[in-house]
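Naming: A, B, ... by sequence-line order, numbering from 1 per chain. Everything numeric here is computed off the predicted structure, so don't read it as measured data.
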Number of protein chains: 2
Amino acid sequence: MFDMSEILKEQFQKIITIEPADFEYILGHFTYKKFKKHQFLVQEGQQVTFDYFLISGCVKSYYTDENGKMHILLFALRDWWITDYEAYYYQKRAIVNIDCLEDTEVLCLSNDNREKLCQEFHQVEHFFRRKTNRRNVALQNRILSLLSSNAKQRYEKFLLEYPSLAQRLPKHILASYLGVTRETLSRLYVQK
Amino acid sequence: MFDMSEILKEQFQKIITIEPADFEYILGHFTYKKFKKHQFLVQEGQQVTFDYFLISGCVKSYYTDENGKMHILLFALRDWWITDYEAYYYQKRAIVNIDCLEDTEVLCLSNDNREKLCQEFHQVEHFFRRKTNRRNVALQNRILSLLSSNAKQRYEKFLLEYPSLAQRLPKHILASYLGVTRETLSRLYVQK
DNA sequence: AAAATAATGTGACGTAGATCAAAATTATTT
DNA sequence: AAATAATTTTGATCTACGTCACATTATTTT
C-alpha cells in the first residue's frame with residue numbers, strides 16, 4: 001500500500017503514537033478497494049464484512065422504509081469511517097445500504113482484524129475507543145437537532161457545520177439527511 | 001462500598017474477566033452517591049465531572065430549547081451509564097440537564113479516572129470501547145426511527161423495546177422522548 | 001449532439017401533529 | 001382530609017411540512 005495509507009496514519013497519529021513498523025503491520029490488516037459512483041459498499045439484507053475508511057470520494061448510508069422512502073443516516077468523506085455498525089459488530093444482516101455518491105477509494109477493515117489489532121495493541125484499542133466516543137457525541141447532537149429544531153434551522157446548521165459537503169451533495173440527498181422532502185428543502189432556500 | 005458494586009462487577013464480567021483484586025482497585029476509582037427525586041446530576045452550563053453508573057432509580061437527560069421546551073435525549077435505569085458525554089469527554093459546559101425521576105443511587109467515575117483505568121488495564125479500555133459501540137448502535141437506531149416513522153410507530157416501538165420503562169415514566173416525559181407533545185401522545189393511545 | 005435520465009423548482013392541496021384553553025384526574029404536601 | 005400541585009385528557013383551531021402533478025434545467029449515456 002502506497003501513499004493513501006498516509007491519510008490513515010495521520011488519523012492514528014492525531015490520537016496515538018505508533019512505531020513505523022507497527023503501523024506497517026497494522027496496515028497489513030486493511031485491504032484497499034476502489035468503487036465507482038453508484039456502487040454499493042453495504043447492501044441491505046447482506047452480511048457486513050468491513051468497516052470502511054475513506055481515502056477519497058463520498059458515500060451515503062441510508063435506510064429504506066416500508067413505503068420505499070429513503071432516509072439518510074450518514075455521509076462519509078475522505079478520512080471518515082463508515083459501515084452498518086450493528087451488522088458489523090454483531091454479525092447481523094445489514095438494515096441500511098451504503099453506496100457511492102462519487103468514485104470512492106477505501107481501506108477495509110474486517111471486524112476480526114479490528115478485534116485482533118485491538119488485542120495486540122492497547123494503543124489501537126485506545127484509538128477506536130476515542131473514535132467511537134466522538135461518533136457518539138455527533139449522533140447525540142443529531143438526535144437533539146431532530147427533536148428540537150425545524151427544517152430550516154437544521155438546514156442552516158448543516159450549512160454552517162459542513163459547508164463543503166453541502167455544496168458537494170445533490171439537494172434531494174441533503175433533504176433526505178435533514179429529514180424533509182426535496183420540495184420542502186427547495187422552498188427553504190429560494191425565498192429569504 | 002458494599003453490595004451495590006455487584007451490579008457494576010456483573011456488567012464488567014459480561015464483557016471482560018477481571019481478578020477480584022483488580023476489581024477492588026478499579027472500584028476504588030468510583031465514588032458512591034445518592035440523589036433524591038428532582039435533584040440534578042448534571043446542570044446546563046456547568047462542568048461535567050462524572051459519568052454516572054446507575055445502581056437504582058431512574059434519571060432523564062434533556063435539552064431545553066430557546067422556547068423553553070424540553071426534549072428528552074436519554075433515560076437511564078439500574079445498570080446504565082449516563083452523562084453529558086460531549087461536556088464530559090471534552091471539558092465543555094453541559095448543554096443538557098440530567099435529573100432524577102426517582103430517588104437514585106449512582107457510582108461516579110471522573111474522566112481522569114476513566115482514562116487512568118483505561119491506561120492501566122487494557123481490559124477496561126476494551127470494556128468501554130464495547131460499551132460505546134453499543135451506545136452508538138442505539139443512537140443510530142433512534143435517529144432512524146425519528147427520520148422514518150411517525151409518532152404512533154415510535155410509541156409502539158418504545159412499548160415493545162422498553163415495556164417496563166414505559167410503565168414507570170409519566171406520559172408527558174415519554175412524549176418528550178418520542179418527540180411529540182403530551183396531547184398528541186394522549187390521543188395516540190386512547191383511541192385504538 | 002440527440003436522447004435518455006436525473007435533479008430541481010413551483011403550484012395546489014392534504015394532514016399529522018402543534019398550540020391554546022380548559023376540564024378532569026391523580027399525586028403530594030400540610 | 002383539605003389544599004396544592006402535577007399529570008392527563010379533550011376540544012377547537014392552526015401550521016409546518018408532506019403529497020401529487022407537472023414544468024424546467026442539468027447531467028449522463030449513446
Visitor: What one-letter contact string describes nucleotides 20-30 of chain C from 5' to 3', where B marks a base within less than 4.0 Å of any protein heavy atom, S marks contact via sugar-phosphate atoms alone, and - marks no contact?
Guide: BB------S--
Visitor: In whole Å, I'd like the distance from the CG atom of B:L188 to the C1' atom of C:dA16.
Guide: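 B:L188 atom CG is separated from C:dA16 atom C1' by 10 Å.
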Visitor: Under a 4.0 Å heavy-atom cut-off, which of residues 162-179 of chain B touch DNA chain D?
Guide: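 Residues of residues 162-179 of chain B under 4.0 Å from DNA chain D: B:P170, B:K171, B:H172.
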Visitor: Once you round it to whole Å, what is the distance between P of D:dT7 and NZ of B:K60?
Guide: 9 Å
Visitor: Separation of B:L185 atom CG from C:dA18 atom C1', in whole Å?
Guide: 14 Å
Visitor: Under 3.5 Å for both donor-acceptor distances, Watson-Crick or wobble: does C:dT30 have a partner, and if so which one?
Guide: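 For C:dT30, the partner nucleotide comes out as D:dA1, under the 3.5 Å rule.
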Visitor: Using distance alone, with no hydrogens and no angle criterion, decide if A:Y89 and B:R134 have a side-chain donor and acceptor under 3.5 Å apart.
Guide: no
Visitor: Will you find, in the side chains of B:Y32 and B:E105, an N or O donor that is under 3.5 Å from an N or O acceptor?
Guide: yes
Visitor: How many Å lie between CE on B:M70 and C1' on D:dA6, as a whole number?
Guide: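 So the two atoms are 13 Å apart, to the nearest Å.
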Visitor: Compare side-chain N and O positions of A:T181 against OP1 and OP2 of D:dC17 and report whether any pair is under 4.0 Å apart.
Guide: no
Visitor: Salt bridge check: are A:R129 and B:E115 linked by an N-O gap of less than 4.0 Å?
Guide: yes
Visitor: Under 4.0 Å between a side-chain N or O of A:Y189 and OP1 or OP2 of C:dG9?
Guide: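 So the side chain of A:Y189 is within the cut-off, an N or O lying under 4.0 Å from OP1 or OP2 of C:dG9.
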Visitor: Students often mix this up, so state it plainly: with edges at 30° and 60°, are the rings of A:Y162 and A:F158 parallel, tilted or perpendicular?
Guide: tilted
Visitor: For the residue pair A:D51 / A:Y85, report whether a side-chain donor-acceptor contact shorter than 3.5 Å exists.
Guide: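 The answer is yes; a qualifying pair exists.
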Visitor: Looking at A:K34, I want to see if its NZ is surrounded by more than 12 non-hydrogen atoms of other residues, nucleotides or ligands under 6.0 Å.
Guide: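 Atom NZ in A:K34 is not crowded, with 12 or fewer foreign heavy atoms closer than 6.0 Å.
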Visitor: Of the options C:dG9, D:dT8, C:dA16, whose atoms approach the side-chain atoms of A:S186 most closely?
Guide: C:dG9
Visitor: Quick one: closest heavy-atom pair of B:G179 and A:L147, and the distance?
Guide: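 So the minimum-distance heavy-atom pair works out to CA-CD2, 3.7 Å.
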Visitor: Please state whether the rings of B:F35 and B:Y52 are parallel, tilted or perpendicular, taking 30° and 60° as the class boundaries.
Guide: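 Ring orientation of B:F35 relative to B:Y52: perpendicular.
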Visitor: Does atom CD (B:E102) have a neighbourhood of more than 12 heavy atoms from anything else shown, all under 6.0 Å?
Guide: yes
